[in-house]
Structures are given as structure tokens and as C-alpha cells.
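Below: the structure, in C-alpha cells.
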Amino acid sequence: MPAPLLETKLYVSRSPRVLVPRPRLSERMDRGATSRLMLVSAPAGFGKTTLLAEWLAAGPAAPTDERSAAWLSLDRGDNHPVSFWTYVIAALRTVAPGVGASALALLDAAQPPPSKRC
Ligand SMILES: Nc1ncnc2c1ncn2[C@@H]1O[C@H](COP(=O)(O)OP(=O)(O)OP(=O)(O)O)[C@@H](O)[C@H]1O
Ligand SMILES: [Mg+2]
């Protein structure tokens, strides 16, 4: 039986109550959202998660823009294909219910990889 998913990993992180405004970065995010892929990259603790959460909470830049977001917080335990993809699908299902049904069935049936021998 698959291990239960930790639903808290699918919640958007909470931002600090008092935020230092970062308008230049928010504008870059708005521009980036018009492309197919946007990568936010910065050293540890530079505010990536906070920026993303704040930007999502602010809503779309223009009323005509659509913004639906799936959130997934990864940790060491997800460094395994079955766990990783199961969580990716669970996250996507928060905005697209039912997506990935056949992939999930395959993941549920997947054998764990052989343990490494020393
Ligand atoms: N705009 C901001 N105003 C005030 N505090 C902020 C702001 N952005 C980030 N912080 C604070 O800085 C700390 C690091 O932020 P955050 O967790 O977003 O960084 P991160 O780049 O995602 O870190 P990690 O690389 O560990 O994932 C947090 O305590 C967060 O509350
Ligand atoms: Mg982060």
C-alpha cells in the first residue's frame, strides 16, 4: 500500500507578515509568467519561496490573465522517482482534479528500486 501523502507539502508557504517590497522582482515574475517556463534561482535564504508565495497571493497582473498554481515543497525524501512523481501529480491535482490517473496507477504498481549493495 502506498504511503500516505503529506498534504502540507502541497500548501503554498506562508509569507512573513511584514514584507520588504521587491517590486522589480515582482515585475520580472509577471513578465516571466508569459513564457512556458520560469526558473527562480538564487542562493539559499535569498527569499525565493517568499517571492513566489507573495506573487501568487497578489493575483494576476491583468484581469485577463489566468493564474492557477500547484505548489509542492520537496525534501530529501522525495529524491526517489516514485515519491517525486506521486507528489507532482498530487500537486497538479489541486488545480486539475483527476489528472495523471494512468501515471498514478503505474507508480502504485512500481517495484521499489533494488537496494544498493556495498
Ligand atoms: N521580502 C521579504 N521581506 C521580509 N522577509 C523576507 C522577504 N523575503 C524573504 N524573507 C525572509 O527571509 C527568509 C528566507 O526567505 P525564503 O525562505 O523565502 O528564502 P529561500 O530563498 O526560499 O530559502 P531556501 O533556499 O532555504 O529555500 C525567511 O525568514 C523569510 O521570511
Ligand atoms: Mg525556499
Side-chain angles (χ1 to χ4, degrees):
M1 196 164 72
L5 297 181
L6 292 174
E7 285 198 21
T8 49
K9 285 158 69 74
L10 310 179
Y11 298 157
V12 178
S13 291
R14 263 204 221 155
S15 298
R17 273 208 208 146
V18 182
L19 281 173
V20 175
R22 302 177 93 180
R24 192 178 62 84
L25 290 177
S26 299
E27 280 163 27
R28 286 188 70 173
M29 299 279 293
D30 287 335
R31 270 185 277 133
T34 61
S35 57
R36 289 173 74 94
L37 176 71
M38 171 165 55
L39 174 68
V40 179
S41 171
F46 266 50
K48 303 177 292 294
T49 299
T50 304
L51 177 69
L52 281 163
E54 183 197 0
W55 180 75
L56 284 174
T64 50
D65 289 352
E66 279 187 34
R67 185 180 292 174
S68 66
W71 186 278
L72 173 57
S73 300
L74 294 172
D75 53 48
R76 267 172 205 275
D78 301 310
N79 189 17
H80 181 283
V82 174
S83 169
F84 175 77
W85 287 112
T86 301
Y87 270 110
V88 168
I89 293 169
L92 291 174
R93 283 180 164 211
T94 62
V95 287
V99 77
S102 52
L104 265 188
L106 290 171
L107 289 165
D108 283 348
Q111 296 292 318
S115 55
K116 207 171 165 184
R117 293 206 183 139
C118 299

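Counting starts at 1 for both ligands and their atoms, in listed order. In what follows, every heavy atom counts, from backbone to side chain, and hydrogens, waters and symmetry copies are set aside.
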Region of Leu51 that comes within reach of ligand 1 [heavy atoms, distance under 4.0 Å]: neither
From the candidates Arg14, Lys48, Arg17, the one that places a heavy atom nearest atom 21 (O) of ligand 1: Lys48
Numbered atoms and elements of ligand 1 in range of Leu19, under 4.0 angstrom, heavy atoms: 1 (N), 2 (C), 3 (N), 4 (C)
Glu54-ligand 1 polar pair, N/O distance under 3.5 Å: no
Backbone or side-chain N/O/S of Thr50 under 2.8 Å of the Mg ion (ligand 2): no
Polar contact flag for Gly47 and ligand 1 (N/O pairs, less than 3.5 Å): yes
Within 6.0 Å of CH2 in Trp71, more than 12 heavy atoms from elsewhere: yes
Leu56 side, atom CG; Met29 side, atom CE - distance, nearest 0.5 Å: 7.0 Å
Any protein heavy atom nearer than 4.0 Å to atom 28 (C) of ligand 1: no
Glu7 side, atom CD; Tyr87 side, atom OH - distance, nearest 0.5 Å: 9.0 Å
Gly45 N/O under 3.5 Å from ligand 1 N/O: yes
Polar proximity ligand 1 side, Phe46 side, N/O cut 3.5 Å exclusive: yes
Options Thr49, Val20, Leu25, ranked by nearest heavy atom to atom 3 (N) of ligand 1, top entry: Val20
Heteroatom distance test (Arg22, ligand 1): nitrogen or oxygen, under 3.5 angstrom: no
